Amino acid sequence: MNSEKFDYIIVGAGSAGCVLANRLSEDSNSRVLLLETGGSDKSIFIQMPTALSIPMNTKKYAWQFETQPEPFLDDRRMHCPRGKVLGGSSSINGMVYVRGHAKDFDQWQEHGAQGWDYAGCLPYFKKAETWAFGANEYRGDKGPLGVNNGNQMKNPLYQAFVDAGVEAGYLATNDYNGAGQEGFGPMHMTVKNGVRSSTSNAYLRPAMSRDNLTVITHALVHRVLLEGKKAVGVRYERKGKVIDVMVNKEVILSAGPIGSPHILQLSGIGAKDVLEEAGIEVKHELPGVGQNLQDHLEFYFQFKCNEPITLNGELSLWRKFLIGARWILTKKGLGATNHFESCGFIRSKSNLEWPDLQYHFLPAAMRYDGKEAFSGHGFQVHIGHNKPKSRGSIKALSSDPKAHPQIRFNYLEHEEDREAFRACVRLTREIINQSALDKYRGEEIQPGINVQTDEEIDTFVRQFVESAYHPSCSCKMGVDELSVVDPQTRVHGMTGLRVVDSSIFPTIPNGNLNAPTIMVAERAADIIRGQDMLTPSSAAVKIASNWQEKQRNNPPKRNTN
């Protein structure tokens, strides 16, 4: 047993854990311990934005989880990488900065997460960031997290995609993280001075010089130590030695949407049948642990490009060397961007209250592992449905902390999710066939013009759709019988135990998850410390879209060539 005792033990140095470590250790009277299974994040492949596909697919830096055969995806096993390194998934992700739609957070409050509506969350989004183009009522300029627009859409394909969306009858938006998310415009990324702005870089590293913060890497947490219904410490393993460390105030799980419910279950907290089947003694019955699991799916719409201006021309070893050398020397150029520099948010059908489809545009045709999709120049747009109705689960299979849990998302189980992906195919073709892209657009590579009917689209989607790597909601916040934490992030029925990460989202937001995860940790830190909450925002929100009106009065011109 470790004789040291800490006020707070944070499990997981990821997108939430690094934020908490910084904010809780601001109080010099509090001793904070941060435990992380992974190690250093100083690799050039983590720090250089363009190398994003490497750490995501490396066992050293990511848990390479795999789902059970997904019954509505032709029984495919889906890749589910999660960060295993300082910074967690913020050190291996695509660095896309999307807060979500304002209504997403109002929906959280409707699900019982009182105080987590958009008005209550916006001040914490602002607190977290330094927006490259200055503060306003929606954006912050004093936060740790650097947010910008990469190379500001220098490749003409980025603007052509935005123009095509507007020609198709949709809105243009200069800041989808501002008053209105809906529309087409520049995409934002967590990059600062040409370097990945992970939570390790932004929050943890500046705090590590504090005497009251201890960071231990290569520490695999076995379980939370309990005395009755109170968390009193954590058991972890490091270099073959099992260590118990005790806590004065609270244990905070920030191990992510897979890790946090799994650790709760290993600790005897969860659904009785799940624990008993895994051979784990039931310490606290809580049926919602591991339930309500949600994720985003997406696929690539790929086209050949008629002009040699795409990133497919930058994939030779020599070109990669030059890009890397320039980045090492100057932190500029193609090495300093994730290449997703324009985007769009639209509705899959007209009667929706807010957007549910998201586009990431890439001036290249390649796979997530960075390999080219074909010989020649091309471009692609990633399109996905962001408000799925399908729900999955995380289940411990044994008491062994080294054994991966069972993961099943039940992707596309719900018919409305399948309908939304049919809209993805048809609406995207309409957008790409606008005149703004006539100069560049070549043959459709994927899905291919032979994919037209509902049945053909469904077959294509089942075979080619991929995870957008946004698992969440598996320890949801609320007050109903399947809620795991209350609106103060405390585990229901327990004392001294909280969960703070994307697992506590009641529903998945309309966008990438790093930004809302950081926001949740910022807000939770104030709750934990007993600080006055930031004043709720009164900034106006644009909810309504003019899409339906424009469709009626000025239908888009469709290029059928």
Side-chain angles (χ1 to χ4, degrees), residues 8-24 32 34-38 62-63 65 80-93 99-100 105 108 113 116 121 124-125 128 145 198-200 202-204 221 224 231 234 250-267 269 288-295 394 405 407 469-478 483-491 497-509 512-528:
Y8 299 102
I9 300 175
I10 303 166
V11 177
S15 297
C18 289
V19 176
L20 292 172
N22 180 303
R23 296 307 189 191
L24 297 182
V32 179
L34 179 63
L35 297 173
E36 168 56 40
T37 306
W63 298 97
F65 292 120
C80 184
R82 308 306 303 156
K84 187 175 65 173
V85 62
L86 291 177
S89 292
S90 76
S91 288
I92 70 166
N93 68 2
R99 295 173 174 178
F105 306 102
W108 286 8
W116 293 85
C121 291
Y124 289 94
F125 279 118
L145 194 72
S198 64
T199 55
S200 175
Y203 285 89
L204 183 58
V221 169
V224 178
V234 166
E250 294 183 327
V251 173
I252 306 165
L253 299 184
S254 296
I258 310 299
S260 287
H262 189 216
I263 292 171
L264 286 175
Q265 291 169 346
L266 291 172
S267 307
I269 302 170
V289 173
Q291 298 299 308
N292 195 48
L293 179 65
Q294 299 168 45
D295 190 18
I394 305 290
I407 305 169
Y469 306 132
H470 299 161
S472 55
C473 309
S474 52
C475 293
K476 78 170 185 174
M477 175 167 47
S483 296
V484 175
V485 301
D486 66 13
Q488 284 71 49
T489 72
R490 300 171 298 202
V491 174
L497 182 60
R498 297 183 195 255
V499 182
V500 179
D501 55 35
S502 66
S503 71
I504 72 171
F505 296 178
T507 57
I508 193 167
N512 307 67
L513 300 193
N514 191 232
T517 301
I518 292 169
M519 177 277 295
V520 162
E522 283 277 18
R523 194 171 190 276
D526 275 0
I527 293 172
I528 294 166

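Fair warning: this is a prediction, and the values are worked out from it, not measured in the lab.
Judged purely by atom type and a 3.5 angstrom limit, S15 has no side-chain atom pairing as donor or acceptor with the backbone of S89. Counting only distance, with no hydrogens or angles, the side chain of T489 and the backbone of A524 share no donor-acceptor pair below 3.5 Å. Listed for the Q265 side chain is a donor-acceptor partner under 3.5 Å among the backbone atoms of I394. The closest donor-acceptor contact from the side chain of S198 to the backbone of S91 lies at 3.5 Å or more, if one exists at all. A distance-only check finds a donor-acceptor pair linking the side chain of R498 to the backbone of Q488 [under 3.5 Å]. Judged by distance alone, the side chain of W108 and the main-chain N or O of T507 form a donor-acceptor pair under 3.5 Å.
In this structure, S254 has no side chain to side chain donor-acceptor pair (under 3.5 Å) partners at least two apart in sequence or on a different chain. Annotation: side chain to side chain donor-acceptor pair (under 3.5 Å) contacts of Q294 (sequence neighbours excluded): N292. With sequence neighbours excluded, no residue forms a salt bridge (charged side-chain N to carboxylate O under 4.0 Å, His left out) with R82. Checked against ring pair (Phe, Tyr, Trp, His ring centres under 6.0 Å), F125 has the following partners two or more places apart in sequence or in another chain: F105. Partners of S502 by side chain to side chain donor-acceptor pair (under 3.5 Å), not counting sequence neighbours: none found. Applying the side-chain contact (heavy atoms from CB on, under 4.5 Å) criterion to S483, with sequence neighbours excluded, gives K476, D480, H492.
In this structure the side chain of Y8 reaches within 4.5 angstrom of the side chain of I252, judged on heavy atoms. Side-chain contact check for L253 versus V491: every heavy-atom pair is 4.5 Å or farther apart. With contacts defined as side-chain heavy-atom distances shorter than 4.5 Å, the pair V19/V500 does not qualify. The shortest side-chain heavy-atom distance between F505 and P257 does not fall under the 4.5 Å cut-off. Under the 4.5 Å side-chain criterion, counting only non-hydrogen atoms from C-beta, L24 is in contact with I10.
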